[in-house]
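As the structure is a computational prediction, the values presented were derived from the model and not from experiment.
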Protein chains: 2
Amino acid sequence: MSAPQGWEEIRAEVLRRIDRRDWAPGAIIPTEAELAAEFGCARATVNRALRELAAQGVLERRRKAGTRVATLPVRKATLDIPVTRLEVEGRGQHYDFRLLEASETVPPVPVSSRLGLAPDATLWHLRTLHFADGQPFLYEDRWLNPAVLPDGLPEDMAEVSINEWLVKTVAYTYGDIAFSAANARADDAAHLGVEPGAALFITERTTWAGEAPVTAVRLAYAPGYRLHTVL
Amino acid sequence: MSAPQGWEEIRAEVLRRIDRRDWAPGAIIPTEAELAAEFGCARATVNRALRELAAQGVLERRRKAGTRVATLPVRKATLDIPVTRLEVEGRGQHYDFRLLEASETVPPVPVSSRLGLAPDATLWHLRTLHFADGQPFLYEDRWLNPAVLPDGLPEDMAEVSINEWLVKTVAYTYGDIAFSAANARADDAAHLGVEPGAALFITERTTWAGEAPVTAVRLAYAPGYRLHTVL
DNA sequence: TAGTGGTCTAGACCACTAT
DNA sequence: TAGTGGTCTAGACCACTAA
């Protein structure tokens, strides 16, 4: 074997050694300095490779204790969270949407508490139905904090989806996201054109800009939706 | 503002400037060299901060073209894919499991084709029910390529779950994973103790070790399961 | 307290690509 | 072709922690 060149080749070589069981799960591997000497490169280069593998869950690193092959690898999967239009167009389908509601009202308590707002605070309530090739694809139910919208909502909602207008207008710094399955509620079923009780893939997102809550949104995907990624 | 120290503070400062719209979506930001001069640090430190933000989808970087704030941020979410036992114990619940089936048989065609095997190849078929505090938590239906098991399956299946035995024994190099929702099939319902048709969160994983297919598994979670992460 | 990883520096060369 | 990010180097100091 010729010595690996560059941090990506070093990463690949480390994975090979783990796969070949030269380094078994739980075993300690050589230090950065030792590997750098073996590969004839700087320690920083080895560090880069091992750091990526640790971020991926393949290795566990602790100062002084050294670097080990993860015994029970908590593998990390990276998901892309695209804007709906791009998700639909990425499948080669035509994207369209219809705004069902845009009103300013007091949300249900679970929503206001999730955003950390007073129970009587009013929010924008935006409901949108997204289509792929004319078929209902996604039913979006969004609550939006008007405090983060100095200029209010745009006049012409027909031109861009709220979704895209938001991400261009309100940057968020932190958010959380949860995926689950739910039987279609009456409104889900009506909008998506499925029987009540059909199993739907649900995404719920909450985002903040600094300390200020921005939006809480529930996305109900039409049956057949799959969120896919590589490990 | 005092100059940020270290790449994490630089990353935070960049996010602040994006949040404050000093740097708007789509706008180009200063070069690494300029930022390094402003912050009084080495270019490599700025590079580290901006590289992390680009990996997260906040920035878009291209040589010569410079670094821009992402217009339609395809945000990246990182999911942890732990072993089931750790997932249950991480909730403070007691973990247990029961092996329902361990046989060597010819799988349905969708399974063999997904693994790239001949339709008449035999595989191990392992079905396991996982419990959290004694309640059914996850129904696992796994097909396993015997070719990757030089010594066959372990004698005593009661001591460790197949899940953990596998990850310790068979390192995989590539895999893909998909999440979806499905109405409970008859077997799902029977094992998980729910009504047929209940909405279940489904995870399907396929893994390879080099060119050799390792395993294809379908995980059906009991209702209420949520996959959660931060953005 | 000593060993190991985490980070930073100042400089260099390279790879890619807008112009 | 020139500008920008991508990576590497050789060395240094620091932070954490196992022994």
State which residues pass salt bridge (charged side-chain N to carboxylate O under 4.0 Å, His left out) with [X]; sequence neighbours excluded, sorted by chain then number.
X	answer
B:Glu87	none
B:Arg51	none
B:Arg48	B:Glu52

Pairing residues for B:Glu89 by the side-chain hydrogen bond (donor to acceptor under 3.5 Å, both in side chains) criterion, not counting sequence neighbours: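 Partners of B:Glu89 by the side-chain hydrogen bond (donor to acceptor under 3.5 Å, both in side chains) criterion, ordered by chain and then number, come out as B:Arg85.
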Does CZ belonging to B:Arg62 count more than 12 external heavy atoms closer than 6.0 Å?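 No, CZ of B:Arg62 has 12 or fewer neighbouring heavy atoms, counting only those of other groups under 6.0 Å.
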Does the side chain of B:Arg142 pick up a donor-acceptor pair with the side chain of B:Thr128 at under 3.5 Å?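 Per modelled atom types, B:Arg142 and B:Thr128 side chains form no pair under 3.5 Å.
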For the pair A:Phe179 and B:Phe179, name the ring-plane relationship: parallel under 30°, tilted 30 to 60°, perpendicular over 60°.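 Ring orientation of A:Phe179 relative to B:Phe179: parallel.
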Each nucleotide of nucleotides 1-10 of chain C classed B (base within 4.0 Å of a protein heavy atom), S (only sugar-phosphate) or -, in 5' to 3' order, makes -BBBBBBSB-
Just the dot-bracket of DNA chain D, please: which string comes out with Watson-Crick or G-U pairs under 3.5 Å, [ ] for crossing, | for another strand? ||||||||||||||||||.
